Amino acid sequence: MPDRADRLLAEMTLEEKLGQLNMIDAGAPPDGAAAMERDIAAGRIGSLFNAYGAAETNALQRLAVEQSRLRIPLIFGFDVLHGHRTIFPIPLAEACAFDPGLWQRTAQAAADEAARDGISLTFAPMLDVCRDPRWGRIAEGPGDDALVASRYGEAKVRGFQGAELSGRASVAATAKHIGAYGAVAAGREYGPVDVSERQLPEVYLPPFEAAAKACAAAIMPSQNDVAGIPMTAHGEILNNLLRARWGFDGVVMSDYDSVVELIKHGVAESIEDAAVLALLAGVDIDMQSRCYVRALPAALEHGRVRMDDIDRAVRRVLRLKARLGLFDDPFSRTSASPASAERHAALARDAARRSVVLLTNERGVLPLTPRTKSIALIGPLADAPLEMFGPWFAAAGLESATILAGLRAALPHAEIVHVAGVPIEDRDESGIPAALAAARAADVVILSLGEPKTLSGEAHSRGHIDLPGSQRALAEAVLALGKPTIAILSHGRPLALPWLFERADAVLATWFLGSEAGHGIADVLTGAWNPSGRLALSWPVDVGQIPTFHSQRTTGRPGKPDVHYSSRHIDLPIEPQFCFGHGLSYTRFEVTALTATPAEFAPGDPVTVEADILNAGEVAGEETVLLFLRDPVASVARPALELKGFAKAMLTPGARQTVRFRLSGSDFAFLDQKLEPRIEPGAFEILVGPCADRNQLKAITIRFRVKPH
Ligand code: NOJ
């Protein structure tokens, strides 16, 4: 039976159809604001982005639903990456919480705020696995592991979209950017990608499959090419894999200008070529380049596309609008009563403290004790309210709780003196003497160092992942005083600072934690929250180690520091600075009683892995337990460690809890030489523990056998 989309389609002119495929940046309309409004009223624009706020979106929506011939409502898109008005930790930070429930809750709160601002679709979650911290967009993604990225993607889709996409607090999620954008050459933004055919299904595509299976409403191809085929024209992935094999039935929308950029990629000569390539590859919406509206009429006339191809894309867009409830009430989202700012602030604080990773903590310098009477808080990021937001936040007029504000609120009786010392980015050392004077006079020094938020995010790749400006000079001068010194890093990527890790008594990775950054950090510093964050990626010692990640293959000559002909750099350590999963706590956990049943398994048998987690320390804390698999002998060499699961246990001192993982046949399968999934008989090692350091993992071996007929 024809649905609303079919009925509308039957009435639409070609111009109106192409209008539905045309998405325009309301903040930078290519032909100016007046033309944009005329085009909306004429049905030549189907969706907008970068407009928000009830007044603005409703006014534009009225043009569509009151003036256009068929009264088809607009979709309003927006980049709600980590919060809208309440800003949550950047995705890379939040990934370190290893907590799907939290990931879902923050997406839900963000959707709630965004929807009230008239937004019906977000360009999130960003699911680009990345192993190169030079890439500025590593800040927007969930780290370097495909499983974490997949769980993260599912949770975000559920959070954004809610139980019903038509809900007043629901927005359509766009899983982006398929695919392998995180593998741009040398971490250079918009660079070419040349990953192997194996890495696509093993590393870069699984998060998108997970998001598609979680019913993400939309998917955005990345701006890069993969081995010469720009993703915007990649029919094999967009049509054959995403739609035909994974069953994705939502909307594929291009990235900004990506359709016209097919010309610069060198696969199209004209905008007509570009439009044809993208449409036939399965791209439904053309974001900003207007190639579809300008060139598809000619392409149709030239027989290069059929009306069916256009109708298929239009139908998908109209169905999304129907699912969003826009035909029933295009203003329902903006008419909801205001979201609870207090509840969202509490959630932001919880997310912030759970995202902090305690990297080092020597001589028990942390947590701060109530005996700490005076603190010198030194550094340019300690009182920088806008910096805490990170690269993606849009709403104007927001302020975050700074580190200074957080500490003052948490330690009302301590004397806290703040001296910036140096600017964040510029070279200027004139403030260092004042910083040293403050440090000398204090019991404890806290150094607040890092990157400005503008060094992360899109178009912010760095060749050197260190502290900009004069921050190192400041830090070294302070460290030379020999006072107990804690360094708090604010950053969008791992920073290669071996000298700091060596010399500071404690270092915290606090990323960009958002609205409640200062309170979240203070909770960790004072022990009000026992740090539980774990690195969702390996942290290199130096740029020269990139890429370094836990699932690398061992090679025929595994790296050994003292073996010359082994896989290593002669001037760098083999291991990263901090491995995947690293993160300290104020207590000690032990993994005991690891079992896997059955010890021998056959195809189709589920395998249950259990381990007891003991809090062997003095304070309560939350442990993240990781389960890795290693297939030591297979017809294709397998990764040194493959993450297959993670679980959490909240334990009081002395308490013990059993964590349970259920593995299925597919967990033991790998892609064979023809890239077909198979399980080969033989031994599998199951390793359970806190991080990807083999010395900290408990291992057990189980065997897979082929059942006799
Ligand atoms: C370009 C970015 O690559 C993409 O992630 C974003 O959603 C769009 N611009 C829209 O802002």
Side-chain angles (χ1 to χ4, degrees), residues 22-30 45-52 57 74-84 90-92 107 110-111 114 117 119-130 135-142 149 153 156-157 160 171-184 187-193 204 207-208 211 216-226 230-232 234 250-262 264-265 278 283-290 390-395 454 456-461 492:
N22 188 26
M23 178 182 257
I24 292 297
D25 180 349
I45 290 177
S47 26
L48 294 173
F49 63 110
N50 288 346
Y52 73 96
T57 56
L74 297 166
I75 286 176
F76 287 93
F78 208 75
D79 288 284
V80 183
L81 265 292
H82 52 105
H84 183 58
I90 57 169
L92 182 56
D117 261 341
I119 292 158
S120 41
L121 176 142
T122 169
F123 307 124
M126 198 275 217
L127 301 178
D128 294 313
V129 170
C130 179
W135 192 46
R137 301 197 81 169
I138 198 170
E140 291 176 55
K156 289 292 174 194
V157 169
F160 284 131
V171 298
T174 310
K176 71 184 189 185
H177 313 80
I178 193 171
Y181 188 9
V184 282
R188 200 183 71 238
E189 183 63 302
Y190 313 129
V193 169
Y204 295 104
F208 295 97
I219 296 225
M220 183 189 288
S222 46
Q223 291 157 326
N224 54 277
D225 72 314
V226 175
M231 283 305 308
T232 308
H234 212 307
V251 166
V252 174
M253 86 185 66
S254 84
D255 202 342
Y256 205 105
D257 270 344
S258 290
V259 178
V260 73
E261 286 170 8
L262 292 175
K264 290 206 182 128
H265 269 289
V283 175
D284 303 314
I285 290 183
D286 168 9
M287 183 193 282
Q288 188 72 353
S289 85
R290 294 165 302 133
W392 266 126
F393 80 101
T454 46
S456 291
E458 186 176 351
H460 289 97
S461 293

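Start at 1 and go down the list; that is how both ligands and their atoms are numbered. All of these numbers come straight from a predicted model, not from anything done at the bench.
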Query - Considering all heavy atoms, the nearest Y256-Q223 contact - result: O-NE2, 4.0 Å
Query - Ligand-side contact atoms (ligand 1) for residue partner H177, heavy atom cut-off under 4.0 Å - result: 3 (O), 4 (C), 5 (O)
Query raised in the report: Salt bridge or not for D257 and K264, using N-O below 4.0 Å?
Result: no
Report task. Below 4.0 angstrom from a heavy atom of M220, which ligand 1 atoms are there? Numbered from 1 as shown, please. Result -> 7 (O)
Query raised in the report: What atoms in ligand 1 come closer than 4.0 Å to a heavy atom of D255?
Result: 1 (C), 2 (C), 3 (O), 4 (C), 6 (C), 8 (C), 9 (N)
Report summary line: If we number the atoms of ligand 1 from 1 as shown, the ones under 4.0 Å from a heavy atom of E458 are 1 (C), 2 (C), 3 (O)
Query raised in the report: For ligand 1, is there an N or O atom under 3.5 Å from any N or O atom of R137?
Result: yes
Report task. State, to 0.1 Å, how close S254 and P221 come at their nearest heavy-atom pair, and which atoms those are. Result -> CA-CD, 4.2 Å
Query raised in the report: Quick check: does D79 get an N/O under 3.5 Å from an N/O on ligand 1?
Result: yes
**Report entry** Closest non-hydrogen atom pair between V171 and L121, with its separation
**Finding:** CB-N, 4.1 Å
Query raised in the report: What are the two closest non-hydrogen atoms of A107 and F160, and how far apart are they?
Result: O-CD2, 3.5 Å
Report task. Show which atoms of ligand 1 fall inside a sub-4.0 Å distance from at least one heavy-atom site of K176. Result -> 4 (C), 5 (O), 6 (C), 7 (O)
Query raised in the report: Looking at residues at least two apart in the chain, or sitting in another chain, which of them share a ring pair (Phe, Tyr, Trp, His ring centres under 6.0 Å) with Y181?
Result: W135, H177
